[in-house]
Amino acid sequence: MRKRSARIADICLIVEGAYPYVSGGVSAWVHGLMRRQPGLEFCVVAILPEPPPPAPKYDSLPNLQALHHLYLSETSSRRRWLRPGSFDQAGFDQAVNAFLSAGGGLAELAQVERLITPLVKARRTADLLDSRLAWNLVCDLYAREMPHESFLHFFWAWRALFGGLVATMSLPLPAARVYHTVSTGYAGLLAARAAVETGRPAIITEHGVYTNERRIEILQAEWIVDTLDKGFAIHDPRRDLRDFWTTAFESYARACYEACADVITLHGGNQPAQTMQGASAARMKIIPNGVDYEALSRLPRAGPDDPPTIALVGRVVPIKDIKTYVQAVQLLRPRFPGLTALVMGPTDEQPDYYEECKATVAQLGLCGTLRFTGQVNVAQHFPRIHVNVLTSVSESQPLSVLEAGAAGIPTVATNVGACREILLGRRDEHPALGAGGIVTDVASPEQTAAAVGELLSDRGRRERLGLVMQQRIKRYYDLPVVDDAYAGIYQRHMQAPAQQVA
């Protein structure tokens, strides 16, 4: 726990699985946001699967009052269940069923919150998962929703989701004037609860659309056993465990969007998905990521006599699809014998995937060409890099593309998130600046290699694209513009009177 304070924080930031324990990405955004708003006092709720927390990757800030932890697994015990006399089992069953299996929203969340409050006060939430009442609830839900599934698999899926829900409802809320979540999921659920319980404003800044990212992970998850073959049917009403997980996270998103006074995202491409989950168009805003254009634009550029060098800046995790990058490097090496390829980002988030990537590098004979640097200061490496590469299967508005662009380095990126918008220009860009990079299909090492090869072999085109990127970053993505936008939103909500949300 970082330093604590009895004072009410101006802003409570709610972060799931990131700050301050994961480097880069959302964590870097959170740290930078607090650092560049020195006149405000923050606290942070870090949501983690289980204790203890890992070593933090960021130093403390003078305006960070406290770091609180919400552990999603800390809800069970071996004590016997004691039911409060006022506990409404039928209402509780109805609310939980709607929230986990039928797509509930803020009203259902408020009902769950009201029913759990007596248990929180009596410090009995740890008994809830092991109670006969909970057993009856999961049995009834199984019989109604998924009798075709393995009960064992269904039980543990339900327990994980219900346990996370109870943990989120049980955390003592830090006092704050504004609650700011950086995703839906459990973080968004906690922000919605804070709005309901305190009447203070909640806002969300969604980098990637959380429900979409979880859906990808759920579809790829090998630990979810498939027991239902829907074939090519479009309107098959039967549901399997993947549907169960997905629906729960959609419910969390719906409750969050309904509760938030501002629904902010980094680019317009996220807004249709937010609208589908109930976000109000009147509350939606776009505030892009910002980068330090002034500092990055002054960096020297890689010259034509330097060895051809490319880099992928990002965490070594499956969603970044490092293996496609590795395969593209294999295709490039015969054309550029002196090629240096870097992967610049932390390797400890998913060690098994990192080992797979290293094995692929060795298998393809690229150990002398491709290097994993770990977490580094990218600004120190940019002067040697000719082309930035991104091969992600899902992104929002990647900082690596913005930072490289501010340094005058063009990017070859997959067509995900805001990459097309950043590289080719927004629809409202006036005057139009033109292309600042090349967009490829997802999971296509051939297209990635071809695009990178074009830029490595054509210095004039590479420099033109780099100049376009610098102009675009200065116009739309410079940090002072972004910081002013958040300062204005915070001041408006901090001054607002408390309101009853539900």
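From a predicted model like this one, the values you see are computed outputs, not experimental measurements.
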Please determine whether salt bridge (charged side-chain N to carboxylate O under 4.0 Å, His left out) holds for the pair Lys57 and Asp348, giving the CA-CA distance in whole Å, both sets of side-chain angles, and the decisive distance to 0.1 Å.
CA-CA 12 Å; Lys57 299 295 179 68; Asp348 57 352; 3.0 Å; yes
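Note on Lys358 versus Glu355: salt bridge recorded, some NZ/NE/NH1/NH2 to OD/OE distance being below 4.0 Å. A salt bridge links Arg459 and Glu463; the closest N-O separation between the charged side-chain nitrogens and carboxylate oxygens is under 4.0 Å. Ion pairing between Glu421 and Arg426 fails under the 4.0 Å rule for side-chain N and carboxylate O. Between Arg177 and Asp10 a salt bridge is recorded (basic side-chain N to carboxylate O distance below 4.0 Å). Salt bridge Lys320/Glu395: present, at least one basic N to carboxylate O contact under 4.0 Å. In this structure, Glu250 pairs ionically with Arg215, as a charged nitrogen and a carboxylate oxygen lie closer than 4.0 Å.
Only one option out of Pro346, Ser27, Pro56 pairs with Val22 in a side chain to side chain contact (heavy atoms under 4.5 Å, CB included); it is Ser27. Shown are Ile264, Ile14, Val182, Thr184; of these, the side chain to side chain contact (heavy atoms under 4.5 Å, CB included) with Ile204 is made only by Thr184.
Aromatic pair His69/Tyr21: centroids less than 6.0 angstrom apart. For Trp245 and Tyr252, the distance between ring centers is not under 6.0 angstrom. The ring of Tyr293 has its center no closer than 6.0 angstrom to the ring center of Tyr477.
Interatomic distance, OH of Tyr186 versus OG1 of Thr168, reported as 6.5 Å (0.5 Å rounding). The distance from atom CG of Leu433 to atom CD of Gln470, rounded to the nearest 0.5 Å, is 12.0 Å.
A donor-acceptor pair under 3.5 Å is formed between the side chain of Gln37 and the backbone N or O of Asp483.
Using cut-offs of 30° and 60° for the angle between ring planes, the Tyr19 and His31 rings count as tilted.
Side-chain contact check for Thr324 and Asp321: at least one donor-acceptor pair (N or O, by modelled atom type) lies under 3.5 Å. Defined by atom type and a distance below 3.5 Å, a donor-acceptor pair is missing between the side-chain atoms of Asn63 and Glu41. Between the side chains of Asp262 and His493, at least one donor-acceptor pair of N or O atoms lies under 3.5 Å.
Figure legend: cation-pi geometry between Arg492 and Tyr490 absent, as NZ or CZ is not positioned both under 6.0 Å from the six-membered ring centre and within 45° of its axis.
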